Every structure is written in C-alpha cells, then in structure tokens.
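Shown next, in structure tokens, is the structure this report addresses.
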Amino acid sequence: MEGVQSYDAIIAGGGIIGVSLALELRQRGLSVLVLDRGQPGAEASTAGAGMLVASEMEGPPELRELARLSAEMFPHFVQQAEDASGVRVDFHRAGAIRLSAASLPSDPAPLTDAELAALEPALAGTSLRAHFVEENAVDPRTLMPALVESLKQAGGHIHAGSEVVAVGEQFGGVTGVRTPQTSFAASIVVNCCGAWAANVAPQVPARPVKGHMLALIPAKTPLLRHVVRLRDADLYLVPRRDGRIAVGSTVEEAGFDKHVDPDTIQRLHQRAADLVPDLGEAKMHEAWTGLRPGSPDKLPIMGATATRGLFVATGHFRNGILLAPATAMVMADLITGSVPRIALAPFVPERFPAR
Ligand SMILES: Cc1cc2nc3c(=O)[nH]c(=O)nc-3n(C[C@H](O)[C@H](O)[C@H](O)COP(=O)(O)OP(=O)(O)OC[C@H]3O[C@@H](n4cnc5c(N)ncnc54)[C@H](O)[C@@H]3O)c2cc1C
C-alpha cells in the first residue's frame, strides 16, 4: 500500500481488549493504531459491571489460569493506567459476598449470621449461604478513559468513527486495513471487534449476548461495602465509589438489538430488592444494555489465523474486563514472537470449523 500511513500493528476495535493490547504492544516498542467504528470503549467495555471473578471453582476450567493471572495483574494494571492518565479509577478492593442456596463440598464454612451482619449489615437476615471471597471490582466507565488516555500518552494512536471494512492480504500475509475514509498499512492486524468480530472476519464465530443492567441510588449511602453476587452470577450488586449500585444482569440471545426493556429492568430491580430490601426504595438512576462477545464454547477466541500477521482476540463473553490485562500480555507475547506465558491452545481460532 503506497502513500498510506503505516504502523507496526493495527488493532480493529477500541474496547478494553483492543486498547489494553495496543498499550502492551506500544510498551514493547511497536507503533500502534487503534481504529474504532464508534467511540472507543462505548460498547460492552463500559456496559459491564466490572466484577473480577477469578475464584477457583467457578467458570470453565480452561479459563482459570488466565483468569487467575489477570486478577493478579489487575492492581498494577489500574495503577499504571492512573499514573499515566491522571484519571482516577474506581477500583473496589473490599472483596465480595457470594450467596448460594447450598454449599459445594469444596466450600469453606459459610459465614455465620453474626459474621455476615458485621461484614454487610444490608444482608442481615438472608436465608442464603454467604461466603466472603477476595475479589476486586472496577468501574469500567472510569477504567476505559484511563486506558485510552494512557495509550495516547504512550504515543499510541486511536481513531474514533473509523470502521474497518476490509483487511488487506497479499501472498498469504496481511497488508493493512481499509476504512470508508482511507487505508492504513501494517504487517500485523488484530481483530478485537468484540461481538462484531465476524463482520471483519466471517470465520470468527463471535456473537452478541445481550445483558440488561441498571444503577440505583439508595436513600442511605454507602448501602453496601462489598460486591454481592449469587453464585451463578445471574444477579449481582456492585457498589460504586459515588454510592451508586450497579445491578445486573440478564443473558439474552437477541442478536444486535440493544433496546432497554422496562419490564426486564423492573424484574432485576425487584430481585435486587428481594436480596437487599433497602434497594426497593432506591432511586432508579439509569438503565442500559450491552452486547457481550460470546463464542460457541464460551471461551475466548485468541490467537493467530491462517493469514500471516492477522490475529484475533475476542469472545471474552462475561469476563472481558477481568481478562483484559492477561489477554494483552499473552497476545503481545504471541505477536512479538515470544512464547505466550499461558498456553493459548484452548483459545485458538482454528478449534472452530471453517465457515
Ligand atoms: C451487562 C454486562 C455485564 C458485564 N459484566 C462483566 C463483569 O462483571 N466482569 C467482566 O470481566 N466482564 C463483564 N462483562 C463482559 C465484558 O464487558 C466484555 O467481555 C468486554 O467488554 C469485551 O471487550 P471487547 O473489547 O472485546 O468488546 P467491546 O467493548 O464491545 O469492544 C469492541 C469494539 O469494537 C468496535 N468495532 C466493532 N466493529 C468494528 C469495526 N468493523 N471496525 C472498527 N471497530 C469496530 C466497537 O465499536 C467496540 O468499541 C459484562 C458485559 C455486559 C454486557
């Protein structure tokens, strides 16, 4: 491609996965350009609750090593983003209370009523079993701007309103990308387009999985000190620094539809109030939806493709915020020719038959 701007690496998609990877590549000395068809971070990455659920016994077993590594990396990841950007990130480190109808054999003894009442008075009287888990949470609406600004400060480039409409290839290798406005050249291109990744590369079987969320402002703040979640994660309450409580979420196969259904929001609010009665009177601050990048086996799709220099990192489904730092690290290892610190075999794109 003559006469076009050239970079070492182009990242299609400026969500948390794309921006984190761009930052990591930039820190390793590559020139990088992130292209987002909308505003970077405006899709799943700021719709998410930001729980960093990495505990041993939950989630697909193949994910555990990546999840554990990413959870360990998170405090430094946040600190670096804050230092580089000057943006204060709402990083919640008080831990979580996990509630379940019954204990698993591997569970430690549940909290006694007195212990629970002392830790989280708003949950006193629940009939569910409660366990304290050392899990952090982050408000992605503060993390994303910090990451985007960090990337700019590090000399990375990021363009909003630039949709990748085609990936250029020649002699089996990638040559760059085309947007409706122009073309860019690079010998490395990474598809980080989240739920839309198949639009850029039809062979990537990512799909949207919708989630409804709402934010409540309780009459008395702070109402909760800990993240509170049911074990299967279909209901969770995540306190933010300013007193808001994010409540989630649904898991819906609804294509790319993002409309907010008032009845669904009402049901979520009611379930939150069933768990914490004070939330019944809480003010509804906001309701929204987001599209998680799903994959057929609920595992991320990460690795090289059959085209030399063309990589993919998507399909992080319900854990993309948690998994961002470790994904950036292992993908950057792969892209720069190092052995990834975690084996990528369970995540490689070629595990799916060609479509
Ligand atoms: C309701 C909800 C709750 C969640 N809760 C949690 C949680 O508690 N913890 C957790 O870890 N994760 C959670 N997640 C999941 C997490 O948010 C996602 O896994 C993560 O944000 C995915 O990041 P991404 O960068 O792959 O996708 P996205 O953030 O969706 O980014 C993809 C980007 O690609 C851009 N794009 C698309 N097509 C193109 C194109 N052709 N050219 C250029 N750009 C393009 C889009 O504009 C978008 O900005 C939740 C998600 C939802 C929806």
Side-chain angles (χ1 to χ4, degrees), residues 10-22 33-54 59 63 67 70-71 74 92 96 135-141 143-144 147-148 158-167 177-180 189-201 204 206 208-214 227 229 233-234 236-238 246-252 254 256 258 260 264 268 287-295 298 300-302 312-328:
I10 292 175
I11 312 288
I16 195 163
I17 298 298
V19 173
S20 303
L21 175 56
L33 171 66
V34 176
L35 298 171
D36 197 286
R37 63 174 195 169
Q39 281 301 321
E43 294 291 350
S45 297
T46 43
M51 291 182 299
L52 308 177
V53 180
L63 257 191
S70 224
F74 231 92
H92 181 275
E135 281 168 6
N136 300 326
V138 68
D139 183 350
R141 292 188 189 179
L143 179 59
M144 264 321 294
L147 292 172
V148 168
I158 185 159
H159 293 186
S162 277
E163 179 172 9
V164 171
V165 291
V167 175
V177 301
R178 191 157 53 76
T179 71
V189 172
V190 193
N191 179 351
C192 296
C193 288
W196 297 267
N199 294 349
V200 172
V204 177
V209 183
K210 182 177 181 178
H212 275 81
M213 297 273 305
L214 62 144
V227 171
R229 64 178 179 84
D234 73 340
Y236 47 77
L237 314 172
V238 185
V247 180
S249 178
T250 57
V251 179
E252 303 166 53
F256 288 97
K258 279 176 50 178
V260 175
T264 304
L268 271 174
W288 69 94
T289 65
L291 300 178
R292 308 173 182 94
S295 74
K298 298 190 176 164
I301 307 169
M302 303 197 295
V312 59
T314 187
H316 293 76
F317 191 38
R318 303 192 79 173
N319 292 300
I321 295 165
L322 164 68
L323 296 173
T327 294

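One-based numbering along the sequence shown. Computed from a predicted structure; not experimentally measured. Remember, it's 1-based here, ligands and their atoms both numbered in the order they're listed.
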- [ ] Could you establish whether C192 and ligand 1 come within less than 4.0 Å of each other, counting only heavy atoms on the residue side?
- [x] yes
Open item on the list: Less than 4.0 Å is my threshold; does some heavy atom of S162 fall inside it relative to ligand 1?
Closed with: yes
Going by distance only, is there an N or O of [X] that falls short of 3.5 Å from an N or O of ligand 1?
X    : answer
V200 : no
I17  : yes
G41  : no
W196 : no
A313 : no
G48  : no
G320 : yes
G50  : yes

Is [X] touching ligand 1 with its side chain, its backbone, both, or neither, if touching means heavy atoms under 4.0 Å apart?
X    : result
S249 : side chain
L322 : both
A197 : neither
P293 : side chain
R318 : backbone
F317 : backbone

Ligand 1 atoms in contact with [X] (distance to a heavy atom under 4.0 Å):
X    : answer
N319 : 10 (C), 11 (O), 12 (N)
M213 : 1 (C)
E43  : 30 (O), 46 (C), 47 (O), 48 (C), 49 (O)

- [ ] Look only at the side chain of S249 and the backbone of H212, and say whether a donor-acceptor pair between them is shorter than 3.5 Å.
- [x] yes
Task: R37: salt bridge (Lys or Arg N to Asp or Glu O under 4.0 Å) partners, not counting sequence neighbours - done: none
- [ ] Quick one: list whatever passes salt bridge (Lys or Arg N to Asp or Glu O under 4.0 Å) with K258, sequence neighbours left out.
- [x] E43
Task: Option among V138, V19, T46 that satisfies the side chain to side chain contact (heavy atoms under 4.5 Å, CB included) test with L143 - done: V138
